[in-house]
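Both counts, for ligands and for their atoms, begin at 1 and track the order of listing. For the single chain, residues carry numbers from 1 onward in sequence order.
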Amino acid sequence: MRVHSLGDMKAIQIFETGGPEVLTLAEIPTPEPGAGQVLIQVAATGVNFIEIYFREGRYKAPLPLVPGAECAGTVVAVGAGVTTVAVGDRVVTVNALGAYAEFALAPAEKVVKVPEGVTLEQAAAVFLQGMTAHYLAYSTFPLKAGDTALVHAAAGGAGLLLTQIASSIGARVIATVSTPAKAELARAAGASDVILYTEVDFEAEVKRLTEGKGVDVVYDSVGLTTFEKGLRCLRPRGLMALFGGSSGAVPPFDLIQLSTLGSLFVTRPTLWHHIQTRAELEERAGAVLGWVAEGKLTVRMEHRYALKDAAQAQIDIASRKTTGKLLLVM
Ligand code: NDP
């Protein structure tokens, strides 16, 4: 059933790869859901680094492209064969086909209903990074009480959520951030120790804080500037979970280092491989949205932008000045 009359919608389009200026506000036809798809009237869209990588051409996609995959909103139409969601449902997804727009298509099996007690903005703000924090803390290195984790960029979107989840499990979180204001946020999220890694040698500080033992796991979303030092912060047989590269990509390195530094493990995980089945998506989504509904997980939403200001949002997330989540609100 269709309740939205087809017409044009506002969307951000990219016709060629490049800097933030290639993000162009356009009027394009509102898409219609095909079989197995839903059309979402978008309330809020999450801004993520991956959209910058597509905009720059580091990750490839056919052009013209409407960027964005994470959004929450209301279902306004469903395609043939869709039975799991209906028109009027409040939903969230990380698999929208162009979420920098007033309306977005998504595969019905990749859409999750937003529970009572969670706003659409909260859902869009927490979904991608919350499920990332969930898989890092429960699957990549299943934390237990008493473990010690080093969380880089702990006042960022993923960092604040991971710090809360890891400390709620009972792990000790040593956090790194670049400013005293960010240190306050990391502490409020549960970090027991916070290192200003732009001023202090974090390797020496981690060794001091762990009395030379090292940490059980490093969760590293920063990449280039932190990876090698992070390896030296691990205890023997510890795990490096390199899940992003906000400072740049880590260059190839000699695997023999893993041996000499203590039979270390390294993984480079992505969310997509942790929500591949419907069961796994529902499990992680249910946990994260449930914690938000219960007030056990706080999502920080200080940065809201109109759709037309998407370029500014991308400039800001890459500028290192933001904390928590950046949203486009329609
Ligand atoms: P953040 O909100 O964490 O923003 C990036 C932060 O990285 C900054 O605030 C800054 O914190 C830190 N940083 C350190 N060096 C730099 C630098 N040179 N330039 C910019 N920032 C820097 O972003 P997200 O939480 O959205 O994402 C973080 C990373 O994680 C991204 O690379 C993203 O692609 C990745 N990611 C990966 C996922 C996966 O499944 N693999 C899923 C989600 C995100 P500070 O000022 O404290 O240093």
Residue part near ligand 1, for R320, under 4.0 Å between non-hydrogen atoms: both

Ligand-side contact atoms (ligand 1) for residue partner S221, heavy atom cut-off under 4.0 Å: 28 (C), 29 (C), 30 (O), 32 (O)

Atoms of ligand 1, numbered as shown, that sit under 4.0 Å from any heavy atom of L128: 42 (C), 43 (C)

P269 contact mode with ligand 1 (heavy-atom cut-off under 4.0 Å): backbone

Under 3.5 Å side-chain donor-acceptor pair for S139 and R284: yes

Per-atom contacts, ligand 1 versus A158 - under 4.0 Å to a heavy atom: 25 (O)

Verdict with supporting geometry, L136 and V217, side chain to side chain contact (heavy atoms under 4.5 Å, CB included): CA-CA 10 Å; L136 289 169; V217 57; over 6 Å; no

Which residue and heavy atom of the protein sit nearest atom 9 (O) of ligand 1, plus the separation: K182 NZ, 3.3 Å

Atom pair OH (Y219) and CE (M240), whose distance is rounded to the nearest 0.5 Å: 12.0 Å

Within-cut-off N or O pair, F243 and ligand 1, under 3.5 Å: yes

G245, S246, G156, G324: member with heavy atom nearest to atom 7 (O) of ligand 1: S246

Identity and distance of the protein heavy atom lying nearest atom 42 (C) of ligand 1: T132 OG1, 3.2 Å

More than 12 heavy atoms of other groups within 6.0 Å of E211 CD: no

Side-chain heavy-atom pair F141, V218 within 4.5 angstrom cut-off: no

Among G157, S178, G159, closest by any non-hydrogen atom to atom 46 (O) of ligand 1: S178

Residue that, paired with L234, satisfies side-chain contact (heavy atoms from CB on, under 4.5 Å) out of V206, D216, V215: V215

Contact (N/O only, under 3.5 Å) between T270 and ligand 1: no

Heavy atoms from other residues, nucleotides or ligands near CD of E116 exceed 12 (cutoff 6.0 Å): no

Residue A318 vicinity, atoms of ligand 1 by number, heavy atom under 4.0 Å: 19 (N), 20 (C)

A155, portion touching ligand 1 at heavy-atom distance under 4.0 Å: neither

Minimum non-hydrogen distance to atom 40 (O) of ligand 1, winning option of V177, L242, L271: L271

Y197 side chain near V200 side chain, heavy-atom distance below 4.5 Å: no

Any side-chain donor near an acceptor of the partner, Y100 and Q314, under 3.5 Å: yes

Ligand 1-proximal atoms of W272, by part, heavy-atom distance under 4.0 Å: neither

Under-4.0 Å heavy-atom contact between protein and atom 44 (C) of ligand 1: no

Per-residue contact class, Q129 against ligand 1 - non-hydrogen pairs under 4.0 Å: side chain

Per atom 39 (C) of ligand 1, closest listed option by heavy atom (Y135, Y197, F49, Y219): Y135

Region of T322 that comes within reach of ligand 1 [heavy atoms, distance under 4.0 Å]: backbone

